[in-house]
Amino acid sequence: MAVTAPWGPVVRGLDLSIGKGEIVGLVGESGSGKTITARALLGLLPQGWTHSGQARLGELDLLLNPEAARGSLRRGAIRLDTPMLWAVG
């Protein structure tokens, strides 16, 4: 997955696999793209920003279907906390 702002790429080459039942924490330095990655997965990028690639939850591509991604968040399949922790159900 990649995310591009109007001025250029901000997340490049993200490749992450999370197995069913695994809990994953996304950590990194300030400005490394953690929040933008989560926003891309949920279809909440700022205006003018774009994403490419795939982000799958089972058979669902979250980048192509952000409403379903937000539904997964509501059902608890994806959890965002501070610090950001993701659990795939």
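Keep in mind the model is a prediction, meaning the values are calculated, not measured.
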**Asked** Applying the side chain to side chain contact (heavy atoms under 4.5 Å, CB included) test to I36, which of L45, L44, L41 qualifies?
**Response** L45
**Request:** Give the minimum heavy-atom separation between M1 and A55, together with the two atoms involved.
**Result:** SD-CB, 4.4 Å
**Prompt:** What is the minimum heavy-atom distance between T4 and P9, and which atoms define it?
**Reply:** CG2-N, 3.9 Å
**Message:** Testing the basics here: between A40 and V3, what is the closest heavy-atom pair and its distance to 0.1 Å?
**Reply:** CB-CG2, 3.8 Å
**Fill in**
Smallest heavy-atom separation, K34 atom then E29 atom, equals NZ-O, 3.0 Å
